[in-house]
Amino acid sequence: MAEHNKTTNTKEVTIYIDNIPYQVSTDNNLLAGVLSNKLNLPYFCWHPSMGSVGACRQCAVTQYQDEKDTRGRMIMSCMTTVVEGMRIGLTDPASAKFREQVISAMMTNHPHDCPVCAEGGECHLQDMTIMTGHTSRGYQGEKRTFTNQYLGELVGHEMNRCITCYRCVRFYKDYAGGKDFDVFGSRNQVYFGRQKEGALHSPFSGNLVEVCPTGVFTNKLFSAHFTRKWDLQSSPSICAHCSLGCNTSIGERYGSVRRVMNRYNHDLNGYFLCDRGRFGLGFVNSSKRITTIKGINSKAGDPLTARLNEKSLANALAEHKAEQYIGIGSARASFEANRLLKYLVGKENFSLGYNNNEMQLALRHKQLLTQYPQQSLAGMENVTRRGRGKTQHDLVFIIGENIDQTAPRLALTIKQVLRNAALDKADDIGVKHWQDAAVRTYAGDKSTPLFSLQTQQTEFDELANSAVVLSPARIIFIVQCLTNMLKVDFSYEMVVPIQGTTVDEGENKHQSDSGVKCLDLSENETKYLLLLASALSQANAPLIVTGLSLKSAALLKAVDNLMACLSQKSHGIIPELTVVAPECNSVGNLHFFTEHTLSVEQILTRLAQTPANNEGKVSKGITLILLEQELSQISQAQRELLRSQCASMIVLDHSRTALTQLADVVLPSAAVSESSGHLVNYQGSLQAFYPAHIPVEPIMQNWQYLLLLAKYLFTHLSINFSSLKQLHLFFAERGEPWALQVMTCEKNREKRGKVARQTHRASGRTAMTANQSVHEIKNYLEGKYTQEEWLSYSMEGAYAGKGDEMPYTWSPAWNSNQAVFQHQKEVNGELQFKACNNLLNLTLSAFFDEMPQESLDEKLCELWPIEYDENKPQADKSLILIQNLPWYLAEQQAKILPEFIMMFAGNTVELSAQLAECFNCKNHDVLKINLPQKDIFAKTVINPQLPDNHLLVSVFELSIKVNNVSLTSEQIAKADHDEILKFKQIETSRFTEASKEKAAILARLKAQDQNIPISFIDRKEQ
Amino acid sequence: MPSSNNKSGAFALALDMFFSQLRTMGLVLKQTFVKADTVEYPEQKPYLAPRYRGRIVLTRDPDGEERCVGCNLCAAACPVDCIALQQTIDDDGRKRADFFRINFSRCILCGFCEEACPTYAIQLTPDVELAEYDRKNLVYEKQHLLIKGVGKYPDYSFYRYSGVELDINGQHKAKGQAKNEKPPVDIKGLMP
């Protein structure tokens, strides 16, 4: 095995810039070295994460031979390696003039667009033009023009503004692996776009907006309701659309959320976000938001719309007092809100809204997380390794998780991990990693081995050495076989497994384990297994990626065994496991997960045992409190059963769901952009998010509503705090380590004093509310809940530069997001101040009151028995339904965004030709699938690569939480004529409804702009 | 200084005072027949130069369309933050201000907004009569600000120079049809 670790230790050398000595690292190029010393040197094509190609000639500096050399020669700093003692000039007239002339040349064709350009005010080209001192356009000739393309609902195109830096195509094609975007033309007529007009396919297209140094690519959603960057009131937030917890910066103006930008986090998202995170937050402006309290009436009998009246709330809640309460938390509510709910109802009455199967899954998940610490995305990519000599991943194995769908940003990281082999090859001839074009030319198609074991075809299939599409049960079986093969292999210290015997052995073992019959390996599978086993046994640091989306506890168990086997190998394998959690706070909820936690089934039994009795003043039944939980995985009938059997149902949620329609009381909680708290990402890292603006009452943060519930329903608990900080203190006093961690961290942040959410250039303060009241509004600073926050809702305060909680990225002379290097220790490095790194301590020991006598498996089955075992496919339930929703619909909150709905082509169900024949249907026929959740209709697409018992559905109406469901063939039928008509009508109306909703949202937000809610500002202290 | 016991000094002083009184009366008498400098404001208005910095207006381009593109530069330049607006894109492709509000009770008439305006939309006029009994009436919305004319710059039309596609006077201005622009590049052409 070739030694892959190229240990080029970081070397700091001294170079002289304008005769002043500076320390510069030899790992990166001269430009990065100059920028790391916080000197201003203009550039365009170089990107800290994508390296150099030397296309723009903007970063020219003069290099001198020695001290006596006064003339020097011009070099491009981004293409120059740092050498000890080198002397360069940054301010010398020759290179300064050259840089000015480069801009001047770019400006010959740049249109006169700045006032109407959405990039203006955060335009890298504007910044660089100012920096070089170019002021007026000398060229009087005609300007070159291009026609634009329609690139979909998300990204706008204005090709005239292009300065041909090639960053877009380098990101889209080279970095993110997109195929539908390229560069066309020749000489000075170079065009960046698609071969044909149409929506960009890549889930990372939104990054073009940030990557492009000028306004060629713009955020269409933001442009439609535009405001300048300097006017945005921003807050550091966390993306709530998957479990990765990418850091975002949410911008607000006139009371509505305008956009999401990337917030640099060295360990996680780095410079890039996925489009679900960037655009998906638009759901907070949708008309599905709940803005009134249901179930509590004001005196006149109207539903309470305006300011919250605590008296009527107290009266109304008194009716819902019960002997018992059951609280159901959720994985999209903040960690604090879940903790508080659990405290209110008690651990015996707390549920996470999981059914029995999901409970088993969650426990397996917790078990995996305790054993295998999860790497950060930067750790996987080994960003810090680049020249630092740490073992990088030399194999990637993705098992049963379509990460494109569930965690797109992770998919982008995996694509970088796959470049490790190419970088190693480049190392062999001494080409530096930042020499992007050189590395790609020399080692272009060389990819780290990738194996994909999936239930559907994915983006990675064509990058993979071998990829198979199998049913979940087969995937588990393959992993088990693999484990057995490796066990045998390792025990004999052999490199290549002996085919026949090992496979048989694995099979026999498996059969004796679970009594599976007729699971012979096909020729294809055997080949796959052999390839994989030999590759795995040769790998030094394999990266194994799996997840919970298949809802299979057995899969996690099999992966656990595989990891145990790999870790035991004596000759130094360092396997890393990444488990993709289903939702933004799923891992946080594992912290609350004990053997007393109720499953949905247990709640239903409990409710059935305690009949509701509404006759007395205090009802005898059970009151359910649901925290941002929609229970989308259970059927409507079950939901109604839940409703009918409980005394009353109180739901806190931000958008309308099936449950909010059933509930007695609906309390409108704030969405992620309006609330604060912590979310726990897939690693178990507690990350704080802060509100971008104060919600308009009666919308309040979920923990604030829970505190009101505590005041009127849980009087015996005597909770008497009213802020999040006091909540942390409350739990810290009860000895909970997370609260202590969070408090220390917040204290570190507070040390630097008040930090402004608005920029120092924010405008319109004395005019934006003048149409309502000409008097100066009282500043938000004095607000009731905001006094204790270290972020102010105004421009009063410092700029939080250099820290991990920057509300927006800015630095003098750098108005675009490129400014981030000014706040990093060195280019691409960590931020200068990191307040904290809060890892949630997950232990299994907290799970059981006393360690179970019997095995974990038995205990699991005893606590939360599941109806069927996927290892034992029953004869009558032979078909398996797998979710295949596109990435933009694969999350409940993002699914509300009308632009995403408009991107959806229509319901489809993919199945093999043989299976289609069973139902007597052809391509484009409509199939009806009768699910316990609901009947779904979808267009048939014949996919010859699918196994015969596989239905790959992409149905809008079906929640992503319903996955890996066994079906009987009776549940599927060809739709009759009426149903087809109805289906077609639904399909067309979905698009028209969404485009109507899009227009309606815009109209509503514009009306709202002139009616900024100021009522809460002069609110009387209660 | 003449001392008080100097008789001739005292006499000279008395004489001085006497002639001073006469001269003063003479001057006053003379001014009675001179044309007055003060005017009977508000019946009579003083002349204010066209570039005088008074009430702010939003002007239109020579085609009669709103010049303001809602770029926010005036608001950013305003030292008292008394301009608030929201940009919107209309169906004809033009960007306009959805609302545009100036709080004249805050405005200091410094003219920075006019200097910042890249389209000559916002202009200060020689109208300085901005007194109101009610402060609320000093909040001007777009309909109060927008005038019919071109103001001080009769010829300029931003959108004729800008590279964006839109309608001017109901006619579509495609790519390459702005002033000083070549027709769009045929990116699939093979000509060198």
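Residue numbers start from 1 in every chain, and the chains themselves are labelled A, B, ... in the order their sequence lines are given, proteins ahead of strands.
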Within a 6.0 Å radius of atom [atom1] on [X], are there more than 12 heavy atoms belonging to other residues, nucleotides or ligands?
X        : atom1 : value
B/Tyr161 : OH    : no
A/Arg137 : CZ    : yes
A/Tyr139 : OH    : yes

Heavy-atom pairs under 4.5 Å with chain B: which of [options] has the most?
options                                : value
A/Gly120, A/Gly121, A/Gly141           : A/Gly141
A/Asn771, A/Val190, A/Thr147           : A/Asn771
A/Arg761, A/His775, A/Arg144, A/Arg253 : A/Arg761

Test item: [X] side-chain N/O and [Y] main-chain N/O as donor-acceptor pair under 3.5 Å:
X        : Y        : answer
A/Thr766 : B/Asp81  : yes
A/Arg228 : B/Cys71  : yes
B/Asn103 : A/Val774 : no
A/Thr145 : B/Lys175 : no
B/Asn72  : A/Thr227 : no

Distance-only polar pair, side chains of A/Lys1006 and B/Thr88, donor-acceptor under 3.5 Å: yes
Find the one option among [options] whose heavy-atom pairs under 4.5 Å with chain A are most numerous.
options                              : answer
B/Ala76, B/Pro118, B/Ala75           : B/Ala76
B/Gly176, B/Gly189, B/Ala174         : B/Gly176
B/Val164, B/Ile102, B/Val69, B/Val80 : B/Val164

Examine whether an atom of B/Ile187 lies under 4.5 Å from a heavy atom of chain A, and if so say whether it belongs to the side chain, the backbone or both; otherwise answer neither. both
Under 4.5 Å from any heavy atom of chain A - which part of B/Cys82: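 For B/Cys82, heavy atoms of backbone and side chain both lie under 4.5 Å from chain A.
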May I ask you to list the residues in residues 129-147 of chain B that approach chain A closer than 4.5 angstrom, counting heavy atoms only, ordered by number?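 From residues 129-147 of chain B, the residues near chain A are B/Arg135, B/Lys136, B/Val139, B/Glu141.
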First locate atom [atom1] of [X], then atom [atom2] of [Y], and finally report the distance between them rounded to the nearest 0.5 Å.
X         : Y        : atom1 : atom2 : value
A/Phe226  : B/Gln86  : CZ    : CD    : 9.5 Å
A/Trp230  : B/Leu73  : CH2   : CG    : 4.5 Å
A/Gln1010 : B/Arg101 : CD    : CZ    : 5.5 Å
A/Glu142  : B/Lys179 : CD    : NZ    : 13.5 Å

Considering only heavy atoms, which portion of A/Asn160 lies under 4.5 Å from any heavy atom of chain B: side chain, backbone, both, or neither?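 For A/Asn160, side-chain heavy atoms alone lie under 4.5 Å from chain B.
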Sorted by number, residues from residues 109-117 of chain A in contact with chain B (heavy atoms, under 4.5 Å):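 Heavy-atom contacts from residues 109-117 of chain A to chain B are A/Pro111, A/His112, A/Asp113, A/Pro115, A/Val116.
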Are A/His225 and B/Gln87 side-chain neighbours, meaning at least one heavy-atom pair lies under 4.5 Å?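 Contact flag for A/His225/B/Gln87 side chains = no.
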Are the side chains of B/Val185 and A/Tyr191 in touch, meaning some heavy atoms are under 4.5 Å apart?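 With C-beta onward as the side chain, the pair stays apart.
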For the residue pair A/Glu158 and B/Gly163, what are the closest heavy atoms and their distance? OE2-O, 3.9 Å
